[in-house]
Protein chains: 2
Amino acid sequence: MVATDNLQMNSGQAPFNLSAYLQEQQTIVEAALDRAIPVIYPEKIYEAMRYSLLAGGKRLRPILCLATCQMAGGNTETSLPTACALEMIHTMSLIHDDLPAMDNDDYRRGKLTNHKVYGDDIAILAGDGLLAYAFEFVAANTKNVPAERVLQVIARLGKAVGAAGLVGGQVVDLESEAKTDVSIETLNFIHNHKTAALLEACVVCGGILAGTSAEDLQRLSRYAQNIGLAFQIIDDILDITATQEELGKTAGKDLQAQKVTYPSLWGIEESKNQAQQLISSAISQLEPFGDKATPLIAIAHYITSRTH
Amino acid sequence: MVATDNLQMNSGQAPFNLSAYLQEQQTIVEAALDRAIPVIYPEKIYEAMRYSLLAGGKRLRPILCLATCQMAGGNTETSLPTACALEMIHTMSLIHDDLPAMDNDDYRRGKLTNHKVYGDDIAILAGDGLLAYAFEFVAANTKNVPAERVLQVIARLGKAVGAAGLVGGQVVDLESEAKTDVSIETLNFIHNHKTAALLEACVVCGGILAGTSAEDLQRLSRYAQNIGLAFQIIDDILDITATQEELGKTAGKDLQAQKVTYPSLWGIEESKNQAQQLISSAISQLEPFGDKATPLIAIAHYITSRTH
């Protein structure tokens, strides 16, 4: 009886199986992304867009959007176009970041990067195409939601990827490269913008589509910022401790580039502590949602326990 | 008296002064663009975005949007955010097209191109930032219009710039480079997508914001496609006949690159005839709008008569 009680976390319901949940949501997202971009003339650009969009990955961003919408009383149909758009935006940022003019990466998720397969010109255009299509996709395909909410989602997406988000974070990251005196404030700025801003958009847009109150959107926003920063701290730790095979990309790149990271500032143990505290703080924000928050709580825990 | 009659085109109203009209609208657009992007931290990216966005130019795209909205019963306040977004999108496409990985241009509008001033990395990000901001700007700033219409505008903008528009046209253009056997169909595809698609979005979005009927949107769409193609034919002619000083960019580039153009297929005289026919056909689409179409008619004529 004691053993059974331990497994039953949700007031007598079946225990939550995160791995099965993630697998199920990932399948929904993969299928929707595959349907979203058919290959027509000129084939090369659609193939290039699909090459990176369908290259696997955990689909954490779209799943966060779907999970939040569901938690807040919405459904998958409502949030799926936005979930797909978030993955298109994320993929665009990876394609452009990998370019020789930027981070100059040859591998991503264990596959050649977009420009190594299609050339720099097509890779730039594939990123542009994915970014533009993300907004079109949300505007044209979101059903059964008041149009005002969809506009709010689009404004959030734009902000998360533009100079006030991802792009701004990448600029400061490029400026900080090879500098060994990067402050913790600058490092936080980089990751709050390069990583957390888009994760925040995932969660907050899921909430907006479900009609969440302004107060609860604030809570969702804090949840996302905290897991975003924790996610980045764990990424920095994995860059040191994981193997290339586990990561699917070049390992030890930060050390080699003498890049300032959380472990280089705090050490590995303290970095793990900080990540753990951020996760606890993130989970506390979900209190008003009760049992419905189970998937988002499990995802938060998963972020600190992942090994790749 | 006869001389005065000749000047009075609009049933007894004062004659239409296109040059003054364009100047007035341009001033409105320049001021709105300037206000749209303040410089904050990290300054470099906002400066790079502003460098190209505020580098002058005729502002033909935003003016087409404003003029169409006004013609269809809307007003400047309604269409100004979309007009600005169209110029942001156009500017993004210029910044990315000029990159070494693409057309490798050092000058644009008589000034150094974005990457020559800020570097390839920042130029890529400035384009991304402008593209994302365009959608955010429309979603967040369009007032006094039903949200459904704003979503239609966003979907049109996305389509016009993505793989089904600008990006697709640029891909076929890159594939056709250095080929001397490019067909007229391929050349039309390139320009219908690289140039006409965005001009069509300018005009159609102006109409959507004003609440134009589906039938009239079709007419606006044909007007724009025709002036778009005429615009490109004239561009090709000017590349041969105008001086570098007049163009503000490298002249004779197409010839040097042995690029297939309308004049290279048809000769200069026949190209001029074709452009003229497209303009006449464009103007005939505006019949239902009566006198209110005067600015759009004048703009169509202006396209064939411009010298730079």
Side-chain angles (χ1 to χ4, degrees), chain A residues 37 40-42 44-46 48-49 89 92-93 96 99-102 115 119-140 142 146-168 170-172 174-175 189, chain B residues 37 40-42 44-46 48-49 89 92-93 96 99-102 115 119-140 142 146-168 170-172 174-175 189:
Chain A
I37 305 186
I40 56 173
Y41 178 80
K44 198 199 275 176
I45 186 67
Y46 294 98
M49 288 161 71
I89 289 172
M92 167 306 280
S93 79
H96 283 187
L99 286 166
M102 305 261 256
H115 66 274
D120 294 6
D121 49 0
I122 297 295
I124 293 168
L125 291 167
D128 294 347
L130 283 169
L131 182 55
Y133 193 51
F135 295 100
E136 180 190 350
F137 198 71
V138 172
T142 307
E148 287 79 8
R149 286 190 202 161
V150 185
L151 287 180
Q152 280 179 51
V153 163
I154 288 168
R156 288 271 184 166
L157 293 178
K159 193 168 183 182
V161 59
L166 255 165
V167 162
Q170 177 70 355
V171 168
V172 179
L174 289 167
E175 281 175 350
F189 182 94
Chain B
I37 305 186
I40 55 173
Y41 179 80
K44 199 201 274 177
I45 186 66
Y46 294 98
M49 289 161 71
I89 289 172
M92 170 300 285
S93 78
H96 283 187
L99 286 166
M102 305 262 257
H115 65 275
D120 294 4
D121 49 359
I122 296 295
I124 293 168
L125 291 167
D128 295 346
L130 283 169
L131 183 54
Y133 193 53
F135 295 100
E136 179 190 350
F137 198 70
V138 172
T142 307
E148 286 79 8
R149 287 190 201 162
V150 184
L151 286 181
Q152 281 179 50
V153 163
I154 288 167
R156 288 271 184 168
L157 292 178
K159 194 169 183 182
V161 61
L166 254 164
V167 161
Q170 177 70 355
V171 168
V172 179
L174 289 167
E175 281 174 350
F189 182 94

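Here is how names work: the chains are called A, B, and so on, in the same order as the sequence lines, proteins then strands, and each is numbered from 1.
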* **Which portion of B/F135 sits near chain A, non-hydrogen atoms under 4.5 angstrom** => both
* Option that, when pairs with chain B are counted at under 4.5 Å, heavy atom only, ranks first among A/A132, A/G127, A/A123, A/A48 -> A/A132
* Flag the one option from A/G162, A/A140, A/A101 with the top tally of heavy-atom pairs under 4.5 Å to chain B. => A/A101
* Please flag which part of B/Q152 lies under 4.5 Å from any non-hydrogen atom of chain A: side chain, backbone, both or neither. => neither
* Structure fact -> One should read off an interatomic distance between B/L131 CG and A/D128 CG, to the nearest 0.5 angstrom, of 6.5 Å
* Structure fact -> Checked A/I124, A/D120, A/I89, A/I37 vs chain B; the most non-hydrogen pairs under 4.5 Å come from A/I124
* Asked: Between B/F189 and chain A, which part of the residue has a heavy atom less than 4.5 Å away: side chain, backbone, both or neither?
  -> side chain
* Spatial distance of atom CD (A/E175) from atom CG (B/D121) [nearest 0.5 Å] -> 9.5 Å
* Segment of B/L125 engaging chain A (4.5 angstrom heavy-atom cut-off) -> both
* Structure fact -> Checked B/L130, B/I154, B/I40 vs chain A; the most non-hydrogen pairs under 4.5 Å come from B/I154
* Asked: Contact part of B/K44 toward chain A, heavy-atom cut-off under 4.5 Å: side chain, backbone, both or neither?
  -> side chain
* To do: Among A/G158, A/A160, A/G119, A/A126, single out the residue with the greatest number of heavy-atom pairs under 4.5 Å to chain B.
  => A/G158
* Structure fact -> Looking only at A/G165, A/A155, A/G129, the option with the highest number of non-hydrogen pairs under 4.5 Å against chain B is A/A155
* Between chain A and each of B/M102, B/Q170, B/M49, count heavy-atom pairs under 4.5 Å; write down the option with the most. => B/M102
* Nearest atoms (heavy-atom pairs only) where B/H96 meets A/H96 -> CE1-CE1, 4.2 Å
